[in-house]
Number of protein chains: 2
Amino acid sequence: MDELVAKKISEPPGVAAWPNTAAEAAVAGDGDGDALELVELFFFAYRDFVGDADRLLENYGFGRAHHRVLHFVNRRPGLTIAALLDILRITKQSLNRVLKQLLEAGFVEARAGVVDRRQRLLYPTPQGATLARDLAALQSARFRKVMDELPPAARGAASKFLFAMIDSGERERVRAHLACAKAAGAAT
Amino acid sequence: MDELVAKKISEPPGVAAWPNTAAEAAVAGDGDGDALELVELFFFAYRDFVGDADRLLENYGFGRAHHRVLHFVNRRPGLTIAALLDILRITKQSLNRVLKQLLEAGFVEARAGVVDRRQRLLYPTPQGATLARDLAALQSARFRKVMDELPPAARGAASKFLFAMIDSGERERVRAHLACAKAAGAAT
DNA sequence: TATTTACGTCAACTATATTGACATAAATCT
DNA sequence: AGATTTATGTCAATATAGTTGACGTAAATA
């Protein structure tokens with residue numbers, strides 16, 4: 001590692017690899033200040049955002065990993081393992097431990113795929129749906145409160161902002177996921 | 001993504017099984033739908049946001065924990081252990097492991113407090129400051145790109161939005177931190 | 001029939017966090 | 001001066017969430 005470090009340090013060429021923004025920032029001095037402030041605000045906002053759910057999950061002996069799985073299964077009933085792995089960006093081994101617990105605890109159930117029987121389609125049980133809803137309620141309550149606090153003009157900006165924060169290559173995927181989840185919700 | 005869509009389509013049986021929750025969500029009002037969308041956007045946005053830094057940190061054998069410590073030490077040189085623990089909300093044992101590595105690798109240095117010699121005041125070394133700046137550059141570059149993509153009217157909204165997302169009891173603390181960091185930054 | 005795909009599973013390991021107990025030096029109170 | 005509190009370090013055990021790699025199996029597909 002030290003050699004990597006040394007390499008990095010002794011690497012004025014690295015400057016070229018930097019986003020020119022770094023150079024600009026250095027020149028501009030505090031021009032970066034605002035962006036840095038956003039970096040920290042994002043950190044604090046996310047910390048508090050997940051904190052709500054964490055506290056509720058403790059009562060069930062679950063963690064954030066369970067929350068994510070339950071959330072996406074609930075949002076998109078019939079989700080396959082592969083699709084879930086793709087959303088969460090974790091390995092199947094990692095997912096498996098958490099998913100197994102959710103299955104055994106009766107919060108999620110898996111049915112064999114109809115069109116492709118190798119697939120396991122994941123559905124929330126009524127119990128799972130309830131917990132998912134409670135968790136979502138906490139988090140969307142925070143968003144609603146935020147929207148109330150915000151000047152009306154700023155309200156629509158939040159989702160635009162968050163969407164723009166996503167890797168551009170990922171946006172279509174996310175958009176499709178949202179549309180799909182919305183359809184599932186609307187269908188009922 | 002295509003597979004997601006395909007699977008979704010080939011899934012009429014799932015529809016029947018669809019959730020009570022979704023139903024309830026629909027009943028609970030679609031105001032929730034928007035909030036739910038924000039919840040997921042926040043998840044994806046944060047995932048990609050930290051991803052940038054993660055990739056750079058790998059070159060140094062560091063993880064997110066090191067990043068957070070280095071970041072705040074760099075933003076607020078002279079930070080005490082207690083202040084850092086308060087920001088990060090972790091235990092001293094957890095901090096210690098990471099901090100020790102940063103100290104040993106020469107990215108951070110600790111000096112005895114002047115007014116209170118029990119305290120260890122943390123400072124970035126030149127090496128640490130460089131890495132911190134590189135990491136920050138990646139992340140603020142993302143923010144700047146986002147701002148460029150956003151309609152001008154929405155730009156100011158981002159920091160208001162993020163600030164409103166923070167626990168109300170924490171906002172003063174965060175505001176103070178930002179002010180302090182800004183002052184420290186101005187010195188450089 | 002042969003191969004690929006979707007998934008499960010065992011094992012070993014890493015990173016990040018926790019709780020609890022105890023140690024030490026410096027500051028502060030009485 | 002002596003007792004106590006404070007700021008920090010450290011050892012040990014544990015939990016959670018993730019990783020890579022290897023191997024297995026049933027079902028779809030070429």
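Please read all numbers here as calculations on a predicted model, not as lab measurements. Every chain is numbered from 1 and lettered A, B, ... according to where its sequence line falls, protein lines coming before strand lines.
Checking B/Ala83 against A/Leu95, the closest nucleotide of DNA chain D that is more toward the 5' end is the one next to B/Ala83. Mapping A/Gly61 and B/Leu121 onto DNA chain D by nearest heavy atom places B/Leu121 closer to the 5' end of the strand.
In this structure, A/Leu88 atom CG and D/dG18 atom P are separated by 8 Å, rounded to whole Å. Atom pair B/Gln101:CD and C/dA17:C1' shows a separation of 14 Å (rounding to whole Å applied). As a whole-Å value, the separation of A/Arg117 CZ from D/dT25 C1' is 14 Å. Distance, A/Phe62 CZ to D/dA15 P: 17 Å, rounded to whole Å. Separating the CG atom of A/Asn96 from the P atom of D/dA17 is a distance of 14 Å, rounded to the nearest angstrom. The nearest whole Å value for the distance from the CD atom in B/Glu58 to the C1' atom in D/dT20 is 13 Å. In this structure, B/Asp86 places its CG atom 16 Å from C1' of D/dT8, rounding to the nearest Å. Look at CD1 on B/Ile81: it is 15 Å from C1' on C/dA25, rounded to the nearest Å.
Here the rule is ring pair (Phe, Tyr, Trp, His ring centres under 6.0 Å) with A/Phe43, and of B/Phe72, B/Phe49, B/Tyr46 only B/Phe72 fits it. When A/Asn74, A/Leu79, A/Leu103 are each tested for a side chain to side chain contact (heavy atoms under 4.5 Å, CB included) with A/Val108, only one passes: A/Leu103.
Scanning atom types as modelled, no donor and acceptor separated by under 3.5 angstrom connect the side chain of B/Arg118 and the base of D/dT8.
In this model, the phosphate group of D/dG18 is not approached by any side-chain N or O of A/Thr91 to a distance below 4.0 Å at OP1 or OP2. Look at B/Arg68 and you'll find a side-chain N or O under 4.0 angstrom from OP1 or OP2 of C/dA17. Applying the 4.0 Å criterion to OP1 and OP2 of D/dA17, one finds that A/His66 has a side-chain N or O inside that range.
For A/Ala65, the listed nucleotide lying nearest its side chain is D/dG18; candidates were D/dA28, D/dG18, D/dA12. With distances taken from any side-chain atom of B/Arg97 to the nucleotides C/dA15, D/dA7, D/dT8, the minimum falls on C/dA15. When distances run from any side-chain atom of A/Asp116 to the nucleotides D/dT8, D/dG18, D/dA28, the shortest one goes to D/dA28.
At the heavy-atom level, A/Lys92 lies under 4.0 Å from base atoms of the strands shown.
Between the A/Arg173 side chain and the A/Asp86 main chain, no donor and acceptor come within less than 3.5 Å of each other. Checked by atom type and distance alone, the side chain of B/Gln127 pairs as donor or acceptor with a backbone atom of B/Gly106 at under 3.5 Å.
The pair B/Glu40-A/Arg76 does not count as a salt bridge, with every side-chain nitrogen at least 4.0 angstrom from each carboxylate oxygen.
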